Number of protein chains: 2
Amino acid sequence: MLTERHLEVVLAVVYEYIKTGEPIGSRTIARKFLRDRSAATIRNEMADLEEMEYLYQPHTSAGRIPTPKAYRVYVDAILRRQRPFPSVSEGWIRELRGRRKDVEEALVYATRLLGRITSYIGVAALGPAQETVLQRVEFLRMGHSTVLVLLVLRGGLIHHKTVTLPCDMTQEALDELSRRVSTIAIGRSWAEVRGTLQSYVEDALERYADSCRSALKEMDGLLTEQPFQFFTGGTHNVLGLPDFSDLGRLQTIMALLEEDESIGKLVRNCSTERGLCVTIGDENPELKMPDCSIVMASTVTGGRKAVVGLIGPVRMDYERSISVLERVLETLAGKNENVKSDEEVH
Amino acid sequence: MLTERHLEVVLAVVYEYIKTGEPIGSRTIARKFLRDRSAATIRNEMADLEEMEYLYQPHTSAGRIPTPKAYRVYVDAILRRQRPFPSVSEGWIRELRGRRKDVEEALVYATRLLGRITSYIGVAALGPAQETVLQRVEFLRMGHSTVLVLLVLRGGLIHHKTVTLPCDMTQEALDELSRRVSTIAIGRSWAEVRGTLQSYVEDALERYADSCRSALKEMDGLLTEQPFQFFTGGTHNVLGLPDFSDLGRLQTIMALLEEDESIGKLVRNCSTERGLCVTIGDENPELKMPDCSIVMASTVTGGRKAVVGLIGPVRMDYERSISVLERVLETLAGKNENVKSDEEVH
DNA sequence: TATTAGCACTCCCATTCACAGAGTGCTAAA
DNA sequence: TTTAGCACTCTGTGAATGGGAGTGCTAATA
């Protein structure tokens, strides 16, 4: 297995490679990191490490490049120890804090901020609304059997959808429906009231039973079927990185980021685990981003679960990325604040 | 000025250059477009055209490349004549038609569709809401002096904003405010009722005068200060184009597209004019995209003005872009449909 | 036994050079 | 006014070259 010095060499190679992007030679390691050993010794270690698949050579007579396995060791080491406080402009943090009133806006800003600070791509997802307390339910008649379903959730979040019902309901009937649904649902989450509503409302408004059924189904869809809302920001920052000089690859990534489905996978990949989660390269082949690493973490803002993260090259600056992300998450969650946030009302 | 043959040469060079991307030599023109003239003759014409700044040579012994001035002549010619019906998958058009219920969703889809079909970047903007009829106004208390202002506009569009008022209003007082504002505003546009409201509501609820003033100001801001909503789609399509092989330039463009401000300029640039509007290269230096051309046109969907367009390289396929855009716009506006759209109610 | 110095070897990459090819401008003839 | 012919210019490509960085191996050393 890995000896102490093997480990030191791996960490040194990863560290240096992240900094320079060039293959790292034995001389460099001996000079900068293990001053009491000669290059020849390091060379032997490196040969071992190559056999164990922690390092590889792009060609004979080149330095070594870390494999995903080496990055994993490196990242685990970072996660274990204390990270330095990242230098992030206080102005930006304050701006982000100021936007917390509107969760969506805050997340859009957070992704752009993350992108700008790290030169990687910021992503965010807003968790399923079904756990969030409903504050208001309205059905507004828009046209012939077309109705706008409007849900106000705690945290200033609004979901709405225009739906077509099987029969034309008057605004009065819809108000009646709103009232009945409200009585039961307001102050509770959709998950709690879902079952109750299905049976109750239909009986009470039997004349419109079909329409009510379909309206409730749409609400259900709004709150559960499309459980995450996605945001990406700062995609352009990544264009300058040498790691993404292969345009074809970059194009694939950008295309993936435009589909909600693949960000969905991204989030699911992370949200099952606790806290911070780093995926290196093709550790999760389902994500279809073999040349990218993903740093994600979840938090709670505006009463909803949110997942925020960064997508960068495998050779990304994990230390900085992680600490910047932690700082942003803290700000979103409202930790370390002097001003108390508004207390919730009913 | 330009003789008939000068014009033919210009059009031929632009046409061929758009197709190949390589400098065009006199031989090519003589062989493919002006078969009754020899290459030497064309060469003379080309020398003239170079002097008149319609063409230029990247170096002495290379073919000619069109200047923006030549593209302008070409585009004007296209705009004047009948364009061929573009080959766009009927499935996509049907999909787009199906999404028309929700204006925002439709525009998001439209931009992605445009991007995918043309390999350029789709952009869209949804026009100012102040001309749109208000359907509902609500103020919902979210917390201590925090209020959610909610505006439902015709066309299924919702604007909302969480605002902080100078004093804590109860939900009852807010309901009163909603009711009063509704009485005056429902069924009219913000532009119509703006003045009336300012003076009326404050008197009626003098106890909360300050708060009302500030609430109305926020509504005003929501409907006028931020008059456009922006969408971009299919940005990744452009990564494969040889014209954007300069990553630095591409990065600038992508960064611009992430700021609402610059898309705002884009839209203003177009929306003052009637119908279809093509901006080539730095024809409008304010847009800060000297290497891009922009094809935009406006339409009306869901009762609101929308501007939809394409951003591509100067060497873009104008003919196809314009006709695809026209097709998409028609679909958004609901022309050429068999199924009648829902009639509007009250 | 582990470490190190020395050395020959490998491979990459930037530079140089020559050359084919495409296209021009000019001139003189039709 | 148009065209054929020709010398000239410039680019892009491919081969040849040499420097440089880094390795693996061996033999000497602690």
Side-chain angles (χ1 to χ4, degrees), chain A residues 1-10 12-17 19-67 70 242-243 245-246, chain B residues 1-10 12-17 19-67 70 242-243 245-246:
Chain A
M1 231 22 268
L2 285 182
T3 68
E4 181 64 25
R5 200 163 62 225
H6 277 139
L7 191 63
E8 280 180 64
V9 173
V10 170
V13 170
V14 176
Y15 178 85
E16 195 65 11
Y17 184 68
K19 245 182 27 188
T20 65
E22 310 269 288
I24 310 299
S26 53
R27 242 183 88 79
T28 313
I29 299 297
R31 201 153 25 86
K32 290 202 189 170
F33 299 92
L34 295 158
R35 309 219 40 163
D36 51 345
R37 301 288 115 165
S38 80
T41 313
I42 307 294
R43 260 200 304 278
N44 289 327
E45 312 278 325
M46 279 176 147
D48 298 347
L49 287 167
E50 186 156 12
E51 195 150 357
M52 292 188 276
E53 300 195 303
Y54 285 92
L55 302 179
Y56 82 100
Q57 281 182 297
H59 54 85
T60 349
S61 92
R64 296 321 205 280
I65 288 178
T67 64
D243 311 74
S245 55
D246 180 342
Chain B
M1 233 19 268
L2 285 181
T3 67
E4 182 63 24
R5 201 162 63 225
H6 276 141
L7 190 64
E8 281 179 63
V9 173
V10 170
V13 170
V14 176
Y15 178 85
E16 195 64 12
Y17 184 67
K19 244 182 27 189
T20 65
E22 311 269 286
I24 311 300
S26 52
R27 242 183 89 80
T28 314
I29 298 297
R31 202 156 22 88
K32 291 202 189 168
F33 300 92
L34 294 158
R35 309 218 43 163
D36 51 344
R37 300 289 117 165
S38 79
T41 312
I42 307 294
R43 262 202 301 279
N44 288 328
E45 312 278 325
M46 280 176 145
D48 298 346
L49 286 167
E50 186 155 11
E51 194 150 359
M52 291 189 277
E53 300 195 301
Y54 284 93
L55 303 178
Y56 81 100
Q57 281 182 297
H59 56 86
T60 336
S61 73
R64 296 323 204 282
I65 289 178
T67 63
D243 311 74
S245 55
D246 179 343

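Protein chains get the first letters and strands the later ones, always in sequence-line order, with residue 1 at the start of each. Small disclaimer: the values here were computed from a predicted structure and weren't measured.
We find the CD-CE distance between A:Glu51 and A:Met46 to be 15.0 Å, quoted to the nearest 0.5 Å. Note that CD of B:Gln57 is 9.5 Å distant from CD1 of B:Ile65, once rounded to the nearest 0.5 Å.
Rounded to whole Å, the distance from CD on A:Glu45 to P on C:dT4 is 10 Å. B:His6 has its NE2 atom 12 Å from the P atom of D:dT1, to the nearest Å. The CG-P distance, from A:Leu34 to C:dT3, rounds to 12 Å in whole Å. When rounded to the nearest whole Å, the span between CD of B:Glu22 and P of D:dT11 equals 15 Å. Look at CD1 on A:Ile42: it is 8 Å from P on C:dT4, rounded to the nearest Å. What separates CZ of B:Arg35 from P of D:dT2 is a distance of 19 Å, to the nearest Å. Here the P atom of nucleotide C:dC12 and the CD1 atom of A:Ile65 are 13 Å apart, to the nearest Å.
Atom CZ of B:Phe33 sits in a crowded spot, with more than 12 heavy atoms from other residues, nucleotides or ligands closer than 6.0 Å.
Within the structure, salt bridge (charged side-chain N to carboxylate O under 4.0 Å, His left out) contacts touching residues 25-44 of chain A (residues at least two apart or in different chains) are A:Glu16-A:Lys32.
The residue among B:His59 and B:Ser38 whose nearest nucleotide of DNA chain D lies closer to the 5′ end is B:Ser38.
Closest contact between the side chain of A:Arg5 and the listed nucleotides C:dC12, C:dT3, D:dA4 involves C:dT3.
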I'd like a table of atom pairs between the protein and nucleotides 23-27 of chain C - only N or O on both sides, under 3.5 Å - with the distance next to each one.
{"residue": "C:dT24", "atom": "OP1", "partner": "B:Ser26", "partner atom": "N", "Å": "3.2"}
{"residue": "C:dT24", "atom": "OP1", "partner": "B:Arg64", "partner atom": "NH1", "Å": "3.4"}
{"residue": "C:dT24", "atom": "OP2", "partner": "B:Ser26", "partner atom": "N", "Å": "3.3"}
{"residue": "C:dT24", "atom": "OP2", "partner": "B:Ser26", "partner atom": "OG", "Å": "2.6"}
{"residue": "C:dG25", "atom": "OP1", "partner": "B:Arg64", "partner atom": "NH2", "Å": "2.9"}
{"residue": "C:dG25", "atom": "N7", "partner": "B:Arg43", "partner atom": "NE", "Å": "3.2"}
{"residue": "C:dG25", "atom": "O6", "partner": "B:Arg43", "partner atom": "NH2", "Å": "3.3"}

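A:Glu50 places no side-chain N or O within 3.5 Å of a backbone atom of A:Tyr56 that could act as its donor or acceptor partner.
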